[in-house]
Enquirer: 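Sending over a structure as structure tokens; questions will come in a sec.
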There are 2 protein chains.
Amino acid sequence: MISQKAKYALRALIALARSARPGEVLLISQIAEQQRIPRKFLEQILLDLKHHGIVTSRRGKAGGYLLLKDPAEISFGEVLRTIDGPIAPLPCLSRMAYRRCIDCREEESCEVRRVFARVAEATRAVLDHTTIADCVGKPVEAEVRALLA
Amino acid sequence: MISQKAKYALRALIALARSARPGEVLLISQIAEQQRIPRKFLEQILLDLKHHGIVTSRRGKAGGYLLLKDPAEISFGEVLRTIDGPIAPLPCLSRMAYRRCIDCREEESCEVRRVFARVAEATRAVLDHTTIADCVGKPVEAEVRALLA
DNA sequence: TCCATACTCTACTTACTAGATAGAGTTAAT
DNA sequence: ATTAACTCTATCTAGTAAGTAGAGTATGGA
């Protein structure tokens with residue numbers, strides 16, 4: 001299960017991508033209301049995304065948030081890794097945070113690992129090749145893109 | 001990430017499948033030692049698997065555990081669902097424990113859901129079609145099976 | 001019968017995390 | 001100077017993961 005936080009992050013990014021005439025900002029409170037996300041929680045999330053160079057912000061009156069990266073360059077995988085940490089189903093299969101399983105004799109012959117490696121691969125195939133841009137068009141377009149991917 | 005508990009369960013089942021001349025049992029302590037699983041923790045796990053009809057046990061002297069189901073009928077998916085609960089990345093995509101996302105306007109047009117539906121499908125394709133039997137043969141055999149699946 | 005062995009069940013502990021909430025601080029426009 | 005917005009850090013609460021503890025129950029054998 002992905003966290004609420006990651007789900008909120010994705011929805012916020014989609015909202016930003018949708019409303020985006022370049023240079024135009026969205027208020028935290030607008031996104032929060034539109035997407036039914038607890039406002040203070042969303043603040044943290046956007047700040048996090050900002051620190052990771054995915055969005056940027058303007059402060060003060062007339063401030064707000066906007067995408068820093070091109071929507072087509074923001075993959076679901078990147079967002080999940082930013083917010084939730086590693087995607088891999090086992091620590092010994094994580095790219096961003098590899099850790100050997102302490103109780104596992106030898107990694108190469110671990111049957112459990114072998115199976116979950118296939119899961120990880122399949123998951124990454126989807127998440128690393130699906131972007132926020134894939135979510136802003138009309139539903140039908142998105143469907144087509146998904147099938148072609 | 002799958003839990004340690006689920007990983008232990010899978011390893012225990014593989015150990016049982018490996019040692020299995022029909023009717024022959026393995027002691028909890030044997031499995032625990034062989035697989036480096038905390039013994040008391042493993043007790044709980046095996047009991048759980050027993051209650052779900054995956055293994056069975058004999059009590060008293062000369063007691064122990066053995067598989068109840070055919071290894072080829074025990075899928076990774078079944079074990080994970082038994083031990084960890086739903087596999088789906090979102091509650092609104094779970095078969096065993098569907099729950100609508102309270103903050104989601106309409107499920108059909110939810111872009112996040114659409115993407116994770118593909119993840120769920122890919123994950124299930126692996127986990128529901130890989131069984132304990134796929135893990136007991138020689139490593140090479142397992143590899144071949146995986147490629148053919 | 002009694003004992004040792006091995007599974008069974010329930011409760012508990014401990015540390016960590018998810019999902020917020022709170023509030024003081026800082027920046028920018030008017 | 002004021003107000004609107006973002007920024008940062010701390011805190012809270014409930015729940016979960018991972019494991020530990022210990023009393024209970026069944027079985028086979030001396």
Side-chain angles (χ1 to χ4, degrees), chain A residues 1-12 16 24-33 35-52 54-68 80 82-86 89-91 97 99 101-103, chain B residues 1-12 16 24-33 35-52 54-68 80 82-86 89-91 97 99 101-103:
Chain A
M1 293 273 182
I2 71 167
S3 67
Q4 272 293 107
K5 201 170 170 182
K7 215 184 334 175
Y8 289 157
L10 289 167
R11 294 228 308 265
L16 284 169
E24 192 175 302
V25 301
L26 238 49
L27 299 184
I28 293 177
S29 53
Q30 285 179 315
I31 302 172
E33 206 165 319
Q35 298 293 325
R36 305 193 208 176
I37 302 172
R39 190 233 152 96
K40 292 295 279 180
F41 198 23
L42 181 58
E43 283 185 10
Q44 285 180 41
I45 294 167
L46 286 170
L47 207 48
D48 227 4
L49 293 173
K50 177 180 176 176
H51 291 154
H52 283 82
I54 297 173
V55 300
T56 188
S57 65
R58 285 207 290 266
R59 300 176 69 163
K61 217 159 185 171
Y65 272 91
L66 42 82
L67 293 183
L68 183 56
L80 284 187
T82 299
I83 301 292
D84 279 355
L90 292 173
R99 270 184 40 232
C101 297
I102 30 165
D103 50 306
Chain B
M1 293 275 180
I2 71 167
S3 68
Q4 273 293 106
K5 200 170 172 183
K7 215 186 331 178
Y8 290 156
L10 289 167
R11 294 228 307 267
L16 285 169
E24 193 174 302
V25 303
L26 239 49
L27 299 184
I28 292 178
S29 53
Q30 287 179 314
I31 302 174
E33 205 166 318
Q35 298 293 324
R36 306 194 206 173
I37 302 172
R39 189 232 151 97
K40 291 295 280 180
F41 198 24
L42 181 58
E43 283 185 9
Q44 284 180 38
I45 294 167
L46 286 170
L47 207 49
D48 226 4
L49 292 173
K50 178 180 176 176
H51 290 152
H52 283 83
I54 297 172
V55 301
T56 188
S57 64
R58 283 207 291 266
R59 300 175 70 163
K61 219 161 184 170
Y65 272 93
L66 43 82
L67 292 183
L68 183 55
L80 285 187
T82 298
I83 302 293
D84 279 356
L90 292 174
R99 270 184 40 231
C101 296
I102 28 164
D103 50 306

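Note that the structure is a prediction, hence the values are computed from the model and not measured. Here is how names work: the chains are called A, B, and so on, in the same order as the sequence lines, proteins then strands, and each is numbered from 1.
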Enquirer: Would you mind telling me which residue lines up with the more 5' stretch of DNA chain C, Ala6(A) or Arg58(A), judged by nearest nucleotide?
Expert: Ala6(A)
Enquirer: Counting only side-chain N and O atoms of His51(B), is one of them less than 4.0 Å from OP1 or OP2 of dC9(C)?
Expert: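 Yes.
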Enquirer: The criterion is side chain to side chain donor-acceptor pair (under 3.5 Å); which residues satisfy it with Ser3(A), sequence neighbours excluded?
Expert: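 Partners of Ser3(A) under the side chain to side chain donor-acceptor pair (under 3.5 Å) test: Asp84(A).
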Enquirer: Please report the distance, rounded to the nearest Å, between CD in Gln30(B) and C1' in dT5(C).
Expert: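 Answer to the nearest Å: 13 Å.
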Enquirer: Under a 4.5 Å cut-off applied to non-hydrogen side-chain atoms, are Glu43(A) and Arg39(A) in contact?
Expert: yes
Enquirer: Could you state the CD1-C1' distance from Ile102(B) to dG19(C), rounded to the nearest angstrom?
Expert: 11 Å
Enquirer: How many Å lie between CD1 on Ile37(A) and P on dT21(C), as a whole number?
Expert: 13 Å
Enquirer: Counting only heavy atoms not in Arg36(A), do more than 12 sit closer than 6.0 Å to its CZ atom?
Expert: yes
Enquirer: Rounding to a whole Å, what distance do you find between Phe41(B):CZ and dA11(C):C1'?
Expert: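 Distance, rounded to whole Å: 15 Å.
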Enquirer: I need the NZ-C1' distance between Lys61(A) and dT26(C), as an integer number of Å.
Expert: 16 Å
Enquirer: Between C1' on dA15(C) and CD on Gln4(B), what's the gap in Å once rounded to a whole number?
Expert: 15 Å
Enquirer: Just N and O in the side chain of Lys50(B): are any of them under 4.0 Å from OP1 or OP2 of dT8(C)?
Expert: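 Yes, within the criterion.
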Enquirer: Atom CD of Glu43(B) to atom P of dA11(C): distance rounded to whole Å?
Expert: 17 Å
Enquirer: Which residue lies toward the 5' end of DNA chain C, Gly63(B) or Ile2(A), if each is placed at its nearest nucleotide?
Expert: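 The 5'-side residue here is Gly63(B).
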Enquirer: Applying ring pair (Phe, Tyr, Trp, His ring centres under 6.0 Å), can you list everything that pairs with Tyr8(A), at least two apart in sequence or on another chain?
Expert: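 Phe41(A).
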Enquirer: Among the nucleotides dC7(C), dA24(C), dA29(C), which one has an atom lying closest to any side-chain atom of Tyr65(B)?
Expert: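 Minimum distance to the Tyr65(B) side chain belongs to dC7(C).
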Enquirer: So which of Val25(A), Leu47(A), Leu49(A) actually passes side-chain contact (heavy atoms from CB on, under 4.5 Å) with Tyr65(A)?
Expert: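 Exactly one pass, corresponding to Leu47(A).
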Enquirer: Round to a whole Å and report the spacing from NZ of Lys40(B) to P of dT13(C).
Expert: 16 Å
Enquirer: Are Tyr8(A) and dA20(C) close enough that a side-chain N or O sits under 4.0 Å from OP1 or OP2?
Expert: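 So the side chain of Tyr8(A) is within the cut-off, an N or O lying under 4.0 Å from OP1 or OP2 of dA20(C).
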Enquirer: Where each residue is assigned the nucleotide of DNA chain D containing its nearest heavy atom, which of Asp84(B) and Pro38(B) is assigned the position nearer the 5′ end?
Expert: Asp84(B)
Enquirer: Give a yes or no on whether Glu33(A) atom CD has more than 12 heavy-atom contacts from other residues, nucleotides or ligands under 6.0 Å away.
Expert: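 Result for CD/Glu33(A): open.
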Enquirer: Grab the two heavy atoms, one from Leu42(B) and one from Ala12(B), that are nearest each other, plus how far apart they are.
Expert: CD1-CB, 4.0 Å
Enquirer: Just the endpoints, please: which first and last nucleotides of DNA chain D, 5' to 3', lie under 4.0 Å from a heavy atom of chain B?
Expert: dA18(D) to dG28(D)
Enquirer: Between the base of dT10(C) and the side chain of Gln44(B), is one N or O donor paired with an acceptor at under 3.5 angstrom?
Expert: no
Enquirer: May I ask you to say what Ile28(A) touches in the nucleic acid, namely base, sugar-phosphate or nothing, with a heavy-atom cut-off under 4.0 Å?
Expert: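 Sugar-phosphate only.
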